Amino acid sequence: MNSIRDHLGIHANALTLREKRNDLLASNIANAATPNFKARDIDFAAELQKASASGPMQTSNARHFVSSAGVTRDTLYRDPVNPSLDGNTVELAVEQMQFSENTLRYHASLQFLNRKISGLMSAMRGE
Amino acid sequence: MSIRNIFDVSGRAMSAQMIRLNTTASNLANANTIAGSKEEAFRPLRPVFATEYASKIQDNGIATVNVEQIVSLDRDPNQLYAPDHAKADKDGYVYQPNINPEEEMVEMMEASRQYQNNLQVVNTLRTLMARTMQMGK
């Protein structure tokens, strides 16, 4: 099983992280009009490195909290370009850009995974 | 109600924006409603948005928006002198709500734009999810 996981490489981790980031960006867009809401995001490169280096974090006791992504993530706060009076730091232009970039990169990772899986499939068939 | 996935986040944000659009529509509809006294006059309505987090224990940053309450703004109505109006008080005054159509239009545009944004998010993520389910085929 491990060799298959190694074959899929970084894209398996990247895909889960991209999905989590999509959820965060969607939360930001949902709260675009809420006073005092602070926009949040993750440092993708750092988180990916963390996930690739140590693998998913395990719990050893039934009473431990399970981290939602399987990896402890540092959810950071965004630094606004134009702070608004009501304390909201969501800027729709920024969030939309980040969201479209993130979905595109998710798509890219998905495409890579698909190609790797079909590569494995044709190796198994041996045709 | 708990927040489990992206459909909860964006769906509830869309309902909140819809409530905002409805209050704007009520305000505009009542812009010319004349009342016989200061107290009876219509006052502009505004929803109050509040963030609702998916989890208070884990800091996962996922949040949606709720309409906490709908308040009527404390704006005194305009006093108009119209002694021959059916609703005029004993001094000949009627009261018109203090609603600013430009302000309401801006509110409406912003709400509808943010509604569209949330809809776009759901559409995009739904396509991605569908593609992910086809993975390896």
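Chain letters run A, B, ... following the sequence lines, proteins first, then strands; residues in each count from 1. Quick caveat, the model's predicted, so the values are computed rather than measured.
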Ser27(A) and Ile62(B): which non-hydrogen atoms are nearest, and at how many Å?
OG-CA, 3.4 Å
With chain A, the option among Gln114(B), Glu110(B), Gln120(B) that has the most non-hydrogen atom pairs under 4.5 Å is Gln114(B)
Can you tell me which portion of Ser118(A) sits under 4.5 Å from chain B's heavy atoms? Options are side chain, backbone, both or neither.
neither
Based on non-hydrogen pairs under 4.5 Å, which of Asn5(B), Thr64(B), Val121(B), Asn66(B) is most in contact with chain A?
Val121(B)
Answer yes or no: are there more than 12 heavy-atom neighbours, outside Asp74(B) itself, under 6.0 Å from its atom CG?
no
Count the heavy atoms of every other residue, nucleotide or ligand shown that sit under 6.0 Å from CZ of Arg115(A), and state whether that count exceeds 12.
no
Under 4.5 Å heavy-atom distance to chain A, tell me which part of Ala63(B) shows up: side chain, backbone, both or neither.
both
Chain B interface, residue from Gln96(A), Glu95(A), Met121(A) that has the most non-hydrogen pairs under 4.5 Å
Gln96(A)
Is it true that atom CZ of Phe44(A) has more than 12 heavy atoms of other residues, nucleotides or ligands lying nearer than 6.0 Å?
yes
May I ask you to list the residues in residues 40-48 of chain B that approach chain A closer than 4.5 angstrom, counting heavy atoms only, ordered by number?
none
hydrophobic_cluster_shared for Ile6(B) and Tyr106(A), side chain cutoff 4.5 Å
yes
Count the heavy atoms of every other residue, nucleotide or ligand shown that sit under 6.0 Å from CE of Met129(B), and state whether that count exceeds 12.
yes
Rounded to the nearest 0.5 Å, what separation is found between the CG atom of Leu128(B) and the CG atom of Leu104(A)?
9.5 Å
Of the non-hydrogen atoms in Val9(B) and Ala30(A), which two are nearest, and what is the gap between them?
CG1-CB, 3.9 Å
To check you understand the geometry: which heavy-atom pair defines the closest contact between Asn114(A) and Gln134(B), and what is its length?
OD1-O, 4.4 Å
Pair count under 4.5 Å, heavy atoms only, with chain B: among Asn31(A), Leu92(A), Leu120(A), highest is Asn31(A)
Side chain to side chain contact (heavy atoms under 4.5 Å, CB included) between Asn22(A) and Leu125(B), intermediate numbers included:
CA-CA 8 Å; Asn22(A) 265 339; Leu125(B) 290 185; 3.4 Å; yes
Indicate, with yes or no, if Phe7(B) and Leu24(A) share a hydrophobic cluster defined by side-chain heavy-atom contacts under 4.5 Å among Ile, Leu, Val, Met, Phe, Trp and Tyr.
no
With hydrophobic residues grouped by side-chain heavy-atom distances under 4.5 Å, do Tyr95(B) and Tyr81(B) end up in a single group?
yes
Does Ile10(A), at its CD1 atom, have more than 12 non-hydrogen atoms belonging to other residues, nucleotides or ligands within less than 6.0 Å?
no
Report whether Met108(B) and Met18(B) are members of the same hydrophobic cluster (ILVMFWY, side-chain heavy atoms less than 4.5 Å apart, transitive linking).
yes
Turns out that what part of Ile29(A) lies under 4.5 Å from chain B's heavy atoms comes down to both
Roughly how far, to the nearest 0.5 Å, is CG of Asn88(A) from OG1 of Thr51(B)?
8.0 Å
Chain A contact via Thr132(B) - side chain, backbone, both or neither, heavy atoms under 4.5 Å
both
Would a hydrophobic clustering, with Ile, Leu, Val, Met, Phe, Trp and Tyr connected at side-chain separations under 4.5 Å, put Leu110(A) with Ile117(A)?
yes
Can you tell if the side chain of Val65(B) reaches within under 4.5 Å of the side chain of Phe37(A), non-hydrogen atoms only?
no
